[in-house]
J.: 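To start, I am sharing the structure in question, which I have written as structure tokens.
Since this is a predicted model, take the numbers as computed values, not measurements. Chain identifiers are assigned alphabetically (A, B, ...) following the order of the sequence lines, protein sequences preceding nucleic acid strands; residue numbering begins at 1 within each chain.
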Amino acid sequence: MNHILQIDWSELQYAVDDFNRTLYSFPVHIRILIGITVAFLLIVLFLLIVILSSRIYKTRRSVTSNYLRKKYQPVFTKLLFEDDSGIAAGPKAAVIDPGDLKTKFNREILLSEIIHLHENFSGETAVRLEQLYTDHSFHLDSLEKMKNKRWYIVAKGMRELALMNVRTCYDDLSKFLNHKNEILRMEARIAMMKLSSSDPLAFLSRINEPLSDYDMANIHSMLSKMPEQSIPDFSAWFNSHNKSVVLFSIMMTGRFRQQDSTEILLRMLDTGDENVKAGVIRALKELNTAVAEDKLVTMYSLESTDIQKEILSTLEVIGKVKTAELMEKILKQPVTDYALSIQAVRTLLASAGDAGQRIIQLVTGSHPELGLIIQHAKDRRL
Amino acid sequence: MGLVFYYFTKFADHFILIYSLLLFCTYFLLSVFSALDIINYMRRNSFIDYRDLLTSPSTPDISVIAPAYNEAKTIVQNVRSLLNIHYVNFEVIIVNDGSRDDTLKLLIDAYQLEAVPFAIDAKLPSKAIQAIYKSRVPSLSRLTVVDKLNGGKADALNAGINISKYGIFAAIDVDCILEYESLLKMVKPFMEQAGEEKVIAVGGVVRIANSCEVKDGKIVKVNLPRNIIPRVQVLEYIRAFLLGRMAWSRLNGLILISGAFGMFDKKIAIASGGYNHRTVGEDMELVIRMRRYMEEKKVKYRVVYLPDPLCWTEAPSTFRVLAKQRNRWTRGTAETLWLHKKLIFNPRYNFLGMVSMPFWFLFEWLAPIVETSAFLYLMMMAFLGILNVELFITLFVLIYAFAIMYSTAAILFEELSFHQYKKKRDIFRLLGTAFIEPIFIHPITVYYAIRGNLDLMTGVRNWGEMKRKGFVSK
Amino acid sequence: MKVLVCEDDEMVLKMVEFRLQKEGYEVHLANDGKEAIRQITSIKPDIIITDIMMPYLTGLEIIHQVRKDLHLNVPIIIVSSIGLEKTVLEAFQLGADDFITKPFSPNELSVRVKKLLMKSP
């Protein structure tokens, strides 16, 4: 019986030799090709193993996170909305099972759940969530993350600390304001805004990197969630050395209706920078600055088409008599840009009312395209 | 004579060998760049809250332009779901490209449309526009329907650009299913440009919707197609998008944004001449022309690609339709390369001229031709009884192993990044498909590509006829 | 009193449900726009709380359908992360009664619900 299981070494040796002989009987380039093929197949095997293990890991992860979510959802609900939830008194650790907090993986899931809720709720509910966060020392995890070498972990730490109102990290944040990674810059800015309600935009004077439109959208979205008294006077940054900061402040002046800045804005219309000029004109529209009419009407003819469009659109809101005169002049000239002419008709109708209607009737015939342009302009859906 | 033949066979053997090795290296490098870019994108994306874009005054307005040709069956539902996309300020322009069915009438009835006076600023050439419609219902103010004479997809898109209001336009296929966040995600690269580099176009990944559960025009559950033809295409798409175009995006050398879903800077698209209606590859042609324009103007620019599955489309599920599609793709690529042949290996066009265009020429357009010629050559050698059997077999096995490796890598990327195929069975079937594809479907698609090239060469005279048919409808 | 809450975030939905149940309301939930309309026609809620960005039908379209197609006067509160002036105006023009931006205070929501219910007959 035994001899069946016994390996015949000489036989195997023979087989290997045989294989080698066959392999070496091939010319060298064929052998190289065979080598590459074997390498490819090994890589395929390796990739297959990675795919499968990733599958297994992902499944386990989602099972655990579902379990934890199911388990703690009623607990959180109760804690957040119970009148006498014992949040001030009583043993705090009782809220989350210490057993569920042992592994880093579980902590991350619970933390993300708390963060998610905090993103949706404000008021007392949010305060309770913050307390839950510190009670279970999640803030220590987050502080640890900020020291990590990988940027995306640092960013995550910053975000958590800021959301949960951990003010002690404020000074460390400013280090990242001019970091070369734009996500870190963004998170640092947002975190600083969240943590300092008295001077949320202090960072604006300290940044050297240009703000992209997305960055601006991001800061604006933060600002619009803040109480009105914490919105600063944006004219403070009109002279910033960072041009994107200037553009942003001008835009925000309009957005937050800071009427006190209209004087400065009017003076800024003389700038040679097209972007700044366009921004100022748009802000004047939002501020509804009637006194800007004279200036805009006088400067109109010397500007580029893009700026002219901005001027017309602002005049539609603030314009009166002088605007109507300018529009009449524009419409009598040959049509060069349809969008401009359409806007001119709209501005005329807005600034002169019935008189505008009469002027339009007068100019309709002056150019063949104008009839259609006027009809187009009158249909506000277009 | 014998000597000539000897050198010919020597040359052919070496050419096949070197070409394959070059191809392996290129694709290997591409997948490395792709991996880097996807990892980076995923990490960055986890910090982005797209809701910020919904509230901001600096989020740009977008014109969504969708040409429609004989789409009566689905048009009403498709428009409905387009209008439902999550975005603040956008307009949806449906361009009815002279449909012969009642596409237009259905739209008019469903959305209470009425013809409006419209001063069209025809910056790009297009066939005559017959009427422009808006809805009487205020909540449908975003919708505009253009009715024009048939002129093909490129022509319809140009007409759409002419009447669009906003500075960024998205060109889409009307029968695509877009994710709610698709516009938000696609517009973000435009908003991120700070400094000199201008983003001129953004492309999105296209995924295959066959066998997926669709409810009210949205994908609710992703399934792997049951039919083998679309299933192979799932693999092809993952490979092309996740392994190919992401790499090109990182290298800033991307020259193809799929016509199913792309976003463009309108000013630059118009300045470079808009869509070219003389080619069926208008999507690729536009990107190359826009890039060319920027290169010639010497302005720094970027074409970005996003790996998120934002756009889902129905892939051909019969060989007949697949043949048509591949034939058209091949013709599109060949025509576009021909139109811009001046760029290939031209150092004046930097990366575009030295890398992107040559790659497209050598490995996209030429690959099926080399494959077929190599096959015919080997057949001939076998017929003459002088086939180098060892070389033939090892090379064949090597190429097969490479194909499987490349597909497996693509599946891995998909698994680690977007993980769309949640069922365990699906991932196994996809892996199985990777093993079958090189021998079963691939030769057929190569054949279609060859047919496309032949049609292009012989069909010059009936080209006009083809054009008038407009784009292929499903 | 029947309250219908439409929101696509499960966790938030459950929290709001709990908070409102505490006030003694009968709370119904909907995960998407279509489901919301179905519930509105079947259970006839006394007040509707809805998010804007939801699958299938946006909150704004829900208001439009409730007012124009179903001709109902039921009070509607919008709870949304979009705080744009334009969106707020659009919501009120379409017939919303109140607008709360996210992040929101559940306590405040409950007070607003109570107030609207007292006003409506």
J.: Considering all heavy atoms of both residues, which atom of Lys14(C) and which atom of Thr77(A) are nearest to each other, and what is their separation?
T.: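 Heavy-atom minimum between the residues: O-CG2, 4.4 Å.
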J.: Under 4.5 Å from any heavy atom of chain C, what part of Ser224(A) do you find: side chain, backbone, both or neither?
T.: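 Contact with chain C: none, neither part.
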J.: Could you check whether atom NZ of Lys114(C) has more than 12 heavy atoms from other residues, nucleotides or ligands sitting under 6.0 Å from it?
T.: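 Incorrect, the count does not exceed 12.
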J.: Determine, stepwise, if the pair Glu124(A) / Asn107(C) fulfils side-chain contact (heavy atoms from CB on, under 4.5 Å).
T.: CA-CA 8 Å; Glu124(A) 205 202 319; Asn107(C) 298 336; 3.7 Å; yes
J.: Could you look at Gln73(A) and say if it's the side chain, the backbone, both or neither that has a heavy atom under 4.5 Å from chain C?
T.: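 Looking at Gln73(A), backbone and side chain both touch chain C.
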J.: Side chains of Pro103(C) and Asn120(A): closer than 4.5 Å at any heavy-atom pair?
T.: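 With C-beta onward as the side chain, the pair stays apart.
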J.: Side chain of Ser122(A), backbone of Ser105(C): donor and acceptor closer than 3.5 Å?
T.: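 Confirmed, Ser122(A) side chain pairs with Ser105(C) backbone.
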J.: Could you tell me whether Arg60(A) atom CZ has more than 12 heavy atoms of other residues or ligands within 6.0 Å of it?
T.: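 Count not over threshold, so no.
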J.: Could you walk me through whether Met11(C) and Phe76(A) pass side-chain contact (heavy atoms from CB on, under 4.5 Å), step by step?
T.: CA-CA 10 Å; Met11(C) 197 83 172; Phe76(A) 286 173; 4.1 Å; yes
J.: Do Arg19(C) and Thr125(A) make a side-chain contact, defined as non-hydrogen atoms from C-beta onward lying under 4.5 Å apart?
T.: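 In short, these two side chains do not touch, never coming nearer than 4.5 Å.
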